[in-house]
Amino acid sequence: MLIPLVVALTFGTAGCSPGAETGAEPRATASPSATDGPGRTGESSATPVPTRPAATPSPLDAAAGTALEALGDLSVKGRAPRTGYDRALFGDAWADVDGNGCDTRNDVLARDLVDLTYESGSDCVVTSGLLHDPYTGHDVPFVRGIATSADVQIDHVVALSDSWQKGAQSWDAATREAFANDPGNLLAVDGPTNMSKGDGDAATWLPPNKAVRCAYVARQVAVKTAYGLWVTAAERDAIARVLATCPDEPLPAVVGPPAGSSPGSSGTTAPADPSTSPSTDAPAGVVEFANCAAAWAAGAAPLHRGDPGYAARLDRDGDSVACETPP
């Protein structure tokens with residue numbers, strides 16, 4: 001069953017403030033009694049009872065509908081090998097999965113940016129805007145272009161590579177494409193900060209802006225819940241530490257896998273390495289570049305849509321320009 005899409009993703013400080021700690025009062029010290037006779041010793045001091053820190057909220061005690069509750073339902077396993085992972089296994093970058101005539105990247109830019117302008121004659125292709133970046137708390141201008149598009153990137157909150165190592169290897173192609181384009185797993189963010197994250201999970205990376213960490217890990221829990229992905233023990237513990245400061249953080253909604261699919265149990269074998277298969281974007285008779293390093297080595301990069309060797313799988317940000325920067 002599809003979970004309704006949350007159109008506006010908000011990050012705030014509400015619910016993320018640390019809870020107050022409580023402690024026991026030390027036991028009173030007894031004074032020597034004036035009536036103590038020989039052989040009787042009054043207590044001159046008593047060992048104080050140590051103050052107990054506040055207990056970390058447990059998923060077992062979490063309120064219904066919270067991210068902390070959902071965290072307790074996630075399977076905990078080791079990370080599977082990254083062997084065989086390729087971005088193209090999740091479909092063409094930024095497909096129009098909702099059929100609104102705009103690719104996913106432009107949908108997210110239009111949702112997360114303000115002061116938008118669009119390409120002439122289009123109500124879809126965003127050419128400029130301003131991002132209030134959740135990861136840093138700074139404003140980041142966006143201008144579409146070879147040298148500037150990467151200033152604002154679309155982050156998979158649960159990285160594609162991370163999903164591959166925690167359950168996605170068994171998905172069918174439709175589920176992987178849905179996951180890669182699910183608006184609930186996507187945020188427009190500061191480009192360099194997104195690059196520093198890489199494919200890290202909560203155990204290895206959290207947003208520098210501490211005010212959004214509760215909402216960030218809650219969204220990771222929501223995505224992994226919807227798609228049946230697991231977490232590692234270190235990842236679970238890292239998420240729990242964040243949610244301990246905001247135990248009532250709600251579980252946000254995501255679109256989830258397509259109807260009829262069974263994430264994590266399809267048993268579908270991953271397709272062959274797409275770098276060995278012909279690309280539908282490459283002109284007939286032209287040898288396709290296996291990756292951007294090969295394109296730069298050949299002196300052909302950057303590659304614009306329609307250029308010999310251009311392929312959608314090389315255009316990771318979906319702006320019609322592949323391999324913008326040297327590897």
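These numbers were taken from a predicted model, which means no experiment stands behind them.
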Flag, side chain of Arg144 to backbone of Thr148, donor-acceptor distance under 3.5 Å
no

With side chains defined as the heavy atoms from C-beta onward, is the minimum distance between Glu249 and Thr66 less than 4.5 Å?
no

Between the CD atom in Gln220 and the CG atom in Asp201, the distance rounded to the nearest 0.5 Å is 7.0 Å

Tell me whether Asp237 at atom CG has more than 12 heavy atoms from other residues, nucleotides or ligands lying less than 6.0 Å away.
yes

Is the backbone N or O of Val76 less than 3.5 Å from a side-chain atom of Arg236, with the two atoms forming a donor-acceptor pair by type?
no

Do the side chains of Lys224 and Asp162 get close enough for a salt bridge, i.e. N-O under 4.0 angstrom?
yes

Ignoring hydrogens and geometry, is there a side-chain-to-backbone donor-acceptor pair from Asp190 to Thr193 under 3.5 Å?
yes

Note: Gly101 and Cys124 closest approach over all heavy atoms is O-SG, 4.0 Å

Within the 3.5 Å criterion, strictly below it, is a donor on Arg82 or Ser161 matched to an acceptor on the partner's side chain?
yes

For the residue pair Thr175 and Phe90, establish whether any side-chain heavy-atom pair is separated by less than 4.5 Å.
no

Within this structure, what is the OG1-NZ distance for the pair Thr245 and Lys210, rounded to the nearest 0.5 Å?
10.5 Å

Verify the cluster assignment for Val108 and Leu116: are they in a single hydrophobic cluster under the rule of side-chain heavy atoms below 4.5 Å apart?
yes

Thr232 and Lys77: side chain to side chain contact (heavy atoms under 4.5 Å, CB included), yes or no, with the steps?
CA-CA 5 Å; Thr232 65; Lys77 303 180 185 179; over 6 Å; no

Given side chains that start at C-beta, do those of Asp96 and Cys102 come closer than 4.5 Å, heavy atoms only?
no

Closer than 3.5 angstrom, by distance alone: can the side chain of Ser122 be matched with the main-chain N or O of Glu119 as a donor-acceptor pair?
no

Taking all atoms of both residues into account, what is the closest heavy-atom pair of Ala159 and Gly198, and its distance?
CB-O, 4.3 Å

Using side-chain heavy atoms (C-beta onward) and a distance below 4.5 Å, is Tyr118 in contact with Ser128?
no

Would you say the side chain of Asp199 lies within less than 4.5 Å of the side chain of Trp205, judging by non-hydrogen atoms?
no

So, taking the atom named CD1 in Ile239 and the one named CZ in Arg241, what distance separates them when rounded to the nearest 0.5 Å?
10.0 Å

Would you say Thr117 and Thr127 are linked by a side-chain donor-acceptor pair, where the criterion is simply a distance under 3.5 Å?
yes

Gly167 to Ser170 - nearest heavy-atom pair and separation
O-OG, 3.0 Å

For Lys166, is there an ion pair with Glu235 - N to carboxylate O distance below 4.0 angstrom?
yes

Under a 3.5 Å cutoff, is there a donor and acceptor pairing between the side chains of Asn185 and Tyr227?
no

Do Leu131 and Asp139 come within less than 4.5 Å of each other through their side chains, counting heavy atoms only?
no

Verdict with reasoning, Val157 to Leu187, per side chain to side chain contact (heavy atoms under 4.5 Å, CB included)
CA-CA 7 Å; Val157 178; Leu187 291 173; 3.9 Å; yes

is_close_aromatic(Trp164, His156), centroid dist under 6.0 Å
no

Reported CD-to-CZ distance for the pair Gln169 and Arg176, which is rounded to 0.5 angstrom:
9.0 Å

Which pair of heavy atoms, one from Pro257 and one from Ala226, lies closest together, and at what distance?
CD-O, 3.5 Å

Under a 4.5 Å cut-off applied to non-hydrogen side-chain atoms, are Val231 and Ser75 in contact?
no

Same hydrophobic cluster for Val125 and Val97, using side-chain heavy-atom links shorter than 4.5 Å among ILVMFWY?
no

Can you find a heavy atom in the side chain of Leu206 that is under 4.5 Å from one in the side chain of Val217?
yes

Residue from Leu130, Asp151, Val126 passing side chain to side chain contact (heavy atoms under 4.5 Å, CB included) with Phe142
Val126

Ignoring hydrogens and geometry, is there a side-chain-to-backbone donor-acceptor pair from Asp133 to His138 under 3.5 Å?
no

Take Leu109 and Val152 through the side chain to side chain contact (heavy atoms under 4.5 Å, CB included) test and state the conclusion after the steps.
CA-CA 9 Å; Leu109 290 174; Val152 172; 4.0 Å; yes

State the CD1-CG distance between Ile154 and Asp112, to the nearest 0.5 angstrom.
6.5 Å

Taking every non-hydrogen atom, the tightest pair across Val221 and Ala70
CG1-CB, 3.6 Å

Working to the nearest 0.5 Å, report the span between CD of Glu177 and CG of Asn181.
6.0 Å

For Thr104 and Asp107, test the side chains for any donor-to-acceptor distance below 3.5 angstrom and give the result as yes or no.
no

Please report the C-alpha distance between Tyr135 and Asn209 in whole Å, then the side-chain angles of each, then the deciding distance to 0.1 Å, and finally whether the side chain to side chain contact (heavy atoms under 4.5 Å, CB included) criterion is met.
CA-CA 5 Å; Tyr135 288 177; Asn209 181 12; 5.8 Å; no

So, the side chain of Lys197 versus the backbone of Thr204: is there a donor-acceptor pair under 3.5 Å, distance only?
no

Answer yes if Trp230 and Phe179 sit in the same cluster of Ile, Leu, Val, Met, Phe, Trp and Tyr residues linked by side chain heavy atoms under 4.5 Å apart, and no otherwise.
no

Over all heavy atoms of both residues, which pair between Pro207 and Val212 is shortest? Give the atoms and the distance, please.
CB-CG2, 3.9 Å

Would you please say whether a donor-acceptor pair under 3.5 Å links the side chains of Arg111 and Asn106?
no

